[in-house]
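Predicted, not measured: the structure shown is a model, and the values here were computed from it. The figures here come from the full heavy-atom set of this structure, side chains too, leaving out hydrogens, waters and symmetry mates. Lettering follows sequence order; numbering is per chain, from 1.
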Amino acid sequence: MPGYSSPPDPVAYKNKVWEIVRLIPAGQVATYGQIAALVPAPPGMPARDYQAFGARWVGGAMAACPPGVPWQRVINSQGKISLPEGKGYEEQRRLLEEEGIIFDDRGRIDLTRYRWSGPGNPPEA
DNA sequence: TCCTTGACTCAGA
DNA sequence: CTCTGAGCCAAGG
């Protein structure tokens, strides 16, 4: 799949993304934008644009998500699963529900309640 | 060669 | 909260 304006180093970028995704604790979720915000932006790119496009890069990275990465905990900023039905949606939703995440009537997740605080502000510590 | 299609987000109404 | 439009790049038909 195309990597919408691939980052300077696609491979390194993906690894960085997966590294962060792996930090997401079970029962919590993070948005593409949130992940992108945790990955260093390439030089010369406005922070705002990076947040918008970085999210797509994250999506591209997730498309090639290797085993061991909780890809199901990554959703869009709307608190919804980005995958269309029949292409992983059901699987992702099932995995999240098994972690205790509750879905809205419209299949939405309450981000104010399940959103990951980030690697620098773990719920435990 | 042109046109469509992507695991997206933000701002405005 | 929901809906619309714009932003950028590469591969496939």
A.B. asks: May I have the distance from Leu38(A) (atom CG) to dT9(B) (atom C1'), rounded to whole angstrom?
C.D. replies: 15 Å
A.B. asks: Where the side chain of Asn76(A) is defined as all heavy atoms beyond and including C-beta, which of dT9(B), dA7(B), dT2(C) is the nearest nucleotide?
C.D. replies: dT9(B)
A.B. asks: So which nucleotide from dA7(B), dC1(C), dT9(B) ends up closest to the side chain of Arg108(A)?
C.D. replies: dC1(C)
A.B. asks: Testing the basics here: between Tyr114(A) and Ile109(A), what is the closest heavy-atom pair and its distance to 0.1 Å?
C.D. replies: CD1-CG2, 3.6 Å
A.B. asks: Counting side-chain heavy atoms from CB outward, which of dT2(C), dG7(C), dT9(B) is closest to Arg56(A)?
C.D. replies: dG7(C)
A.B. asks: Passes side chain to side chain contact (heavy atoms under 4.5 Å, CB included), Leu23(A) versus Trp116(A)? Steps please.
C.D. replies: CA-CA 10 Å; Leu23(A) 299 176; Trp116(A) 180 40; 3.8 Å; yes
A.B. asks: Quick check on dC8(B): is either OP1 or OP2 less than 4.0 Å from any side-chain nitrogen or oxygen of Gln78(A)?
C.D. replies: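 Negative; the distance criterion is not met.
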A.B. asks: Round to a whole Å and report the spacing from CZ of Arg106(A) to C1' of dC3(C).
C.D. replies: 13 Å
A.B. asks: Whole angstrom is fine here: how far is it from CG in Asp105(A) over to P in dC1(C)?
C.D. replies: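 Atom-to-atom, Asp105(A) to dC1(C), this comes out as 15 Å.
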A.B. asks: If you look at every heavy atom in Ala36(A) and Gly54(A), which pair is closest and at what distance?
C.D. replies: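 Closest approach of Ala36(A) to Gly54(A), heavy atoms only: CB-C, 3.7 Å.
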A.B. asks: Is the phosphate of dA6(C) approached by Arg48(A) (side-chain N or O, under 4.0 Å from OP1 or OP2)?
C.D. replies: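 For dA6(C), OP1/OP2 do not have a side-chain N/O of Arg48(A) under 4.0 Å.
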A.B. asks: When you measure from the side-chain N and O atoms of Ser77(A) to the phosphate of dT9(B), is any distance below 4.0 Å, counting only OP1 and OP2?
C.D. replies: yes
A.B. asks: Please measure how far the P atom in dA11(C) lies from the corresponding atom in dT9(B), and state the result in whole Å.
C.D. replies: 24 Å
A.B. asks: Looking at Glu90(A), I'd like to know if its CD atom is crowded, meaning that more than 12 non-hydrogen atoms belonging to other residues, nucleotides or ligands lie closer than 6.0 Å.
C.D. replies: no
A.B. asks: From the options dC8(C), dT2(C), dC9(C), select the nucleotide whose nearest atom is closest to the side chain of Phe53(A).
C.D. replies: dC8(C)
A.B. asks: Rounded to whole Å, please give me the gap between CG in Leu83(A) and P in dA7(B).
C.D. replies: 8 Å
A.B. asks: Kindly point out which of dA7(B), dC1(C), dT9(B) is positioned nearest to the side chain of Ala52(A)?
C.D. replies: dT9(B)
A.B. asks: Nearest whole Å is fine: how far is dC8(B) C1' from Gln34(A) CD?
C.D. replies: 14 Å
A.B. asks: So which atom in Arg22(A) and which in Val69(A) form the shortest heavy-atom distance, rounded to 0.1 Å?
C.D. replies: NH1-CG2, 3.6 Å
